[in-house]
There are 2 protein chains.
Amino acid sequence: MTRKRFDEMGCSVACALNEVGDWWSLLVVKQAMLGTRRFVDFQHNLGIAKNILCNRLTRLVDNGVMVRVDVGEHGKRYEYRLTDKGRDLFTVVTALRQWSERWNGEKDTMQLVDRQTGEPLAPVTVQNQQGQTLTVRDVRFVDEDGKPLEEAG
Amino acid sequence: MTRKRFDEMGCSVACALNEVGDWWSLLVVKQAMLGTRRFVDFQHNLGIAKNILCNRLTRLVDNGVMVRVDVGEHGKRYEYRLTDKGRDLFTVVTALRQWSERWNGEKDTMQLVDRQTGEPLAPVTVQNQQGQTLTVRDVRFVDEDGKPLEEAG
DNA sequence: CAGAAAGGTTGCATAACGAAACCAAATAAG
DNA sequence: CTTATTTGGTTTCGTTATGCAACCTTTCTG
């Protein structure tokens with residue numbers, strides 16, 4: 001009765017959720033994007049139990065999303081930092097944030113702005129090669145041979 | 001000891017995860033984007049237990065991500081369809097899919113293409129108002145007054 | 001040396017999950 | 001009309017995950 005794993009479903013979305021799809025992982029990543037690096041700071045900013053935080057950080061490190069850096073000062077002290085792979089989740093986190101703000105209202109105390117201009121960000125969208133925005137109705141799902149999938153049944 | 005809720009953290013990312021952040025919800029949404037609408041089809045395509053699927057569909061309907069439509073044919077038969085709010089998760093799902101493909105390799109048997117041109121999609125990115133791509137290092141987190149957050153400690 | 005801080009680990013109670021069995025309504029088969 | 005099947009669940013039960021508190025270890029601080 002082990003929790004079903006998503007990495008053997010032949011679906012990259014499932015594979016991604018297997019790495020960052022549980023209750024806390026993406027929040028830890030988001031918090032790291034805000035600048036948090038130390039164990040106790042994650043703990044206080046997120047209100048997460050220590051054992052769960054420990055488990056999540058370990059999993060994120062194992063999956064290459066974060067790295068544990070030994071900063072020698074003041075005895076046993078580590079920093080958890082995002083890797084390139086982790087920073088690349090910025091798109092996902094931002095899309096999720098914007099989705100929530102669009103449909104659930106502004107419940108966040110913070111806002112993201114362009115560091116250069118100070119302006120708010122543009123909405124994250126899916127685009128084609130020409131830069132045109134696409135909805136889910138504008139795309140088709142095809143298999144390796146380019147044949148459209150008939151997957152509903 | 002109830003599972004911690006994310007909707008009271010003053011964070012829209014947490015709020016979003018509270019709605020679609022568990023193990024199955026986003027996969028159900030993704031499957032719906034592929035065209036799946038009926039209970040048994042979700043069950044077979046995802047390999048999810050019936051009670052869990054039932055719970056997730058109910059939660060998605062309660063959260064306005066999907067609707068349950070009574071299609072009168074053949075007795076008790078319903079369809080679960082995405083709402084506008086649910087379809088708007090296309091950006092999140094696509095960003096997650098692309099992230100997984102970039103960092104974990106092509107493990108998916110299907111591909112997304114522009115319905116018009118047949119070309120693969122462009123990578124989902126965060127952009128500023130001028131359409132320039134931004135990384136997490138190019139943005140700043142500010143509070144309501146525009147002051148930068150010092151949130152690490 | 002005593003005390004505190006950082007970073008964990010352990011134990012326990014509760015909640016969620018997964019598989020299979022069971023159920024009810026309505027249609028299809030005979 | 002009777003039986004079987006399909007659909008969409010609910011129930012039961014064992015396993016796993018989560019949250020909280022307590023404890024542990026190493027290193028700094030006083």
Side-chain angles (χ1 to χ4, degrees), chain A residues 1-9 14 17-28 31-32 36-63 66-81 152-153, chain B residues 1-9 14 17-28 31-32 36-63 66-81 152-153:
Chain A
M1 324 316 171
T2 174
R3 167 177 277 184
K4 177 156 292 194
R5 298 200 44 134
F6 288 156
D7 52 359
E8 294 157 2
M9 292 175 61
L17 290 173
N18 204 52
E19 293 192 343
V20 295
D22 55 30
W23 277 100
W24 283 108
S25 294
L26 259 192
L27 277 189
V28 171
Q31 193 63 42
T36 300
R37 293 184 171 182
R38 294 224 319 281
F39 190 91
V40 285
D41 296 333
F42 282 108
Q43 203 193 324
H44 293 142
N45 288 322
L46 292 175
I48 182 176
K50 294 172 79 169
N51 53 350
I52 306 295
L53 175 59
C54 192
N55 179 288
R56 290 302 176 275
L57 286 172
T58 302
R59 268 169 44 82
L60 288 170
V61 169
D62 287 347
N63 287 326
M66 302 188 80
V67 282
R68 194 170 97 140
V69 180
D70 193 331
V71 292
E73 54 160 337
H74 297 294
K76 195 200 290 187
R77 189 169 292 206
Y78 305 102
E79 284 187 358
Y80 291 89
R81 300 185 192 162
Chain B
M1 321 306 177
T2 174
R3 167 178 277 186
K4 178 155 291 194
R5 301 200 41 136
F6 287 156
D7 51 359
E8 295 157 2
M9 293 175 60
L17 290 174
N18 204 52
E19 292 192 343
V20 296
D22 56 29
W23 280 100
W24 283 109
S25 294
L26 259 192
L27 277 188
V28 171
Q31 193 63 41
T36 301
R37 293 185 171 183
R38 296 223 319 281
F39 190 92
V40 286
D41 294 334
F42 282 108
Q43 204 194 323
H44 292 143
N45 287 322
L46 292 175
I48 183 177
K50 294 173 79 170
N51 51 351
I52 305 295
L53 176 59
C54 192
N55 179 288
R56 289 302 175 275
L57 287 171
T58 302
R59 267 169 45 82
L60 289 169
V61 169
D62 288 347
N63 287 326
M66 304 189 78
V67 283
R68 193 169 97 141
V69 181
D70 193 332
V71 292
E73 53 161 335
H74 296 293
K76 193 201 290 187
R77 188 171 294 205
Y78 305 102
E79 283 187 358
Y80 291 89
R81 300 185 193 162

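The chains referred to below are lettered A, B, ... by the order of the sequence lines, with proteins before strands, and numbering in each begins at 1.
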Quiz item: D/dG19, C/dG7, D/dG9: which one has an atom nearest the side-chain heavy atoms of A/Ile52?
Solution: D/dG19
Quiz prompt | Gap between atoms CG and P, on B/Asp41 and D/dT6 respectively (whole Å) | solution = 14 Å
Quiz item: Of the candidate nucleotides C/dG8, C/dA6, D/dG19, which contains the atom at the shortest distance from the side chain of A/Cys54?
Solution: C/dG8
Self-check item: Nearest-angstrom distance from the residue atom CG of B/Asp70 to P of C/dT27
Solution: 12 Å
Quiz prompt | Phosphate contact (D/dG9 OP1 or OP2) by B/Tyr80 side-chain N/O below 4.0 Å | solution = yes
Quiz prompt | Pairwise side-chain contact, A/Asp22 with A/Arg56, heavy-atom cut-off 4.5 Å (strictly under) | solution = yes
Quiz item: How many Å lie between CD on A/Glu79 and P on C/dA6, as a whole number?
Solution: 13 Å
Self-check item: Phosphate contact (D/dT18 OP1 or OP2) by A/Arg56 side-chain N/O below 4.0 Å
Solution: yes
Quiz item: Is the shortest side-chain N/O distance from A/Arg38 to OP1 or OP2 of C/dA6 below 4.0 Å?
Solution: yes
For residues 46-55 of chain B, run the donor-acceptor check on the side chains, cut-off 3.5 Å, and write out each pair with its distance to 0.1 Å, sequence neighbours left out.
none

Practice problem: Starting from C1' on C/dT10, measure out to CG on A/Leu53 and report it in whole angstrom. | Solution: 17 Å
Exercise. Would you mind reporting whether A/Val28 and A/Val20 have side-chain heavy atoms less than 4.5 Å apart?
Key: no
Practice problem: May I have the distance from A/Gln43 (atom CD) to C/dG7 (atom P), rounded to whole angstrom? | Solution: 10 Å
Quiz prompt | Residue whose closest nucleotide on DNA chain C lies nearer the 5' end, A/Leu57 versus A/Asn51 | solution = A/Leu57
Quiz item: Atom NE2 of A/His44 and atom C1' of C/dA6: how far apart are they, to the nearest Å?
Solution: 11 Å
Quiz item: In whole Å, what is the span from the CG atom of B/Asp22 to the C1' atom of D/dT18?
Solution: 14 Å
Exercise. Mind telling me whether A/Phe42 and A/Tyr80 have parallel, tilted or perpendicular rings, with 30° and 60° as the class edges?
Key: perpendicular
Quiz item: When you match B/Arg5 and B/Lys50 each to their closest nucleotide on DNA chain D, which lands nearer the 5' end?
Solution: B/Lys50
Quiz item: When the distance from CZ of A/Phe39 to P of C/dG8 is rounded to whole Å, what number comes out?
Solution: 6 Å
Quiz item: Are B/Arg37 and B/Val71 close enough that some pair of their side-chain heavy atoms sits under 4.5 Å apart?
Solution: no
Exercise. Look at B/Trp24 and C/dG18 and indicate whether a side-chain polar atom (N or O) is within less than 4.0 Å of OP1 or OP2.
Key: yes
